[in-house]
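Reading through the C-alpha cells given below for one structure.
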Amino acid sequence: MASILIIESHPILREALRQFLFPEHQTVVREGWSVPADLEGHDLVIVDRESVEDGRVAGELLRSLQRLKIPSVWLHQGSPPSLKPARLTAAVAKPLEGPALEAAMRSLLENTSPLGTRRPATEEPPADDVPGSDPADGEIIELTEVVEEPGSEKPSGNT
C-alpha cells in the first residue's frame, strides 16, 4: 500500500481519483500545493497541472519533488509537459484512462524502495519479485479435490 498525495483543484476529479486508488493505496487530497512539507511522507504524488497553473509554482513543486526523490504523475491536457528526470516523473493525458494512470504509477512505484530511494537497475530484484515466481505470470495452477470414501482408513502403522 502506497501513500499517494493527490493535488487536484476540481472536486469531482479529486474524488474520482481517490475512489480509483481505494483500497489499494492510502490517499491524501489537496486543492493546491503551498509548501514542500506537504510532500513528505508520500510515496507518489499525482498533480493536475491545471491545479498549479502558475508556471513558477509548478516549477517549484517539481524541484521539491525531485529534491525529495518523490515520484510524480502529472495530468495534462494538450501536449505533454517537459518533465525531467523521466525516472521520477510521468505524464498522463486527460481525459484520464485507468490503464494509462495505473501503468504510470506502477512504473514509478516499482522502481522506488520503501525509503524513497531508487533501486539501481543493476541490483537484482528481491527473491519474491523474480519473474515467473508468481502464478499470475502465466503458470497454470491445477486444482484437485481430494475425496476420501467413507470406511476407507489409512493404516496407522500401529498394529
Atom CG in Leu109, atom CD in Glu102: separation rounded to 0.5 Å? 11.5 Å

Would you list the pairs meeting side-chain hydrogen bond (donor to acceptor under 3.5 Å, both in side chains) in which at least one residue belongs to residues 21-30, sequence neighbours left out? none

Any side-chain heavy atom of Leu61 sitting closer than 4.5 Å to one from Trp74? yes

Rounding to 0.5 Å, atoms CD1 (Ile46) and CD (Glu8) come to a distance of 10.0 Å

How close do Ala90 and Ala104 get, counting heavy atoms only, and between which atoms? CB-CB, 4.0 Å

Sub-3.5 Å donor-acceptor pair from the side chain of Trp33 to the main-chain atoms of Val35, do we have one? yes

Step by step, work out the side-chain contact (heavy atoms from CB on, under 4.5 Å) result for Lys94 and Glu50. CA-CA 11 Å; Lys94 292 188 329 187; Glu50 294 174 0; 3.5 Å; yes

How far does CG of Leu108 sit from OG of Ser72, to the nearest 0.5 angstrom? 7.0 Å

Could you tell me whether a side-chain N or O of Ser51 sits under 3.5 Å from a main-chain N or O of Ser9, the two making a donor and an acceptor? yes

Would you check, one step at a time, whether the test side-chain contact (heavy atoms from CB on, under 4.5 Å) holds for His42 with Ile4? CA-CA 6 Å; His42 297 288; Ile4 299 176; over 6 Å; no

Within-4.5 Å side-chain heavy-atom neighbours: Leu75 and Leu96: yes

Distance from Leu39 atom CG to Ile7 atom CD1, nearest 0.5 Å? 6.0 Å

Could you tell me whether a side-chain N or O of Asp43 sits under 3.5 Å from a main-chain N or O of Ala2, the two making a donor and an acceptor? no

How long is the straight-line distance from CZ of Phe20 back to CG of Leu101, given to the nearest 0.5 Å? 5.0 Å

Among pairs that include at least one residue of residues 12-21, which meet salt bridge (charged side-chain N to carboxylate O under 4.0 Å, His left out), considering only residues two or more places apart or in two chains? Glu15-Arg18

Drop me the distance from Leu17's CG to Ile6's CD1, to the nearest 0.5 angstrom. 5.0 Å

Less than 4.5 Å apart, any side-chain heavy atom of Leu44 and any of Val73? yes

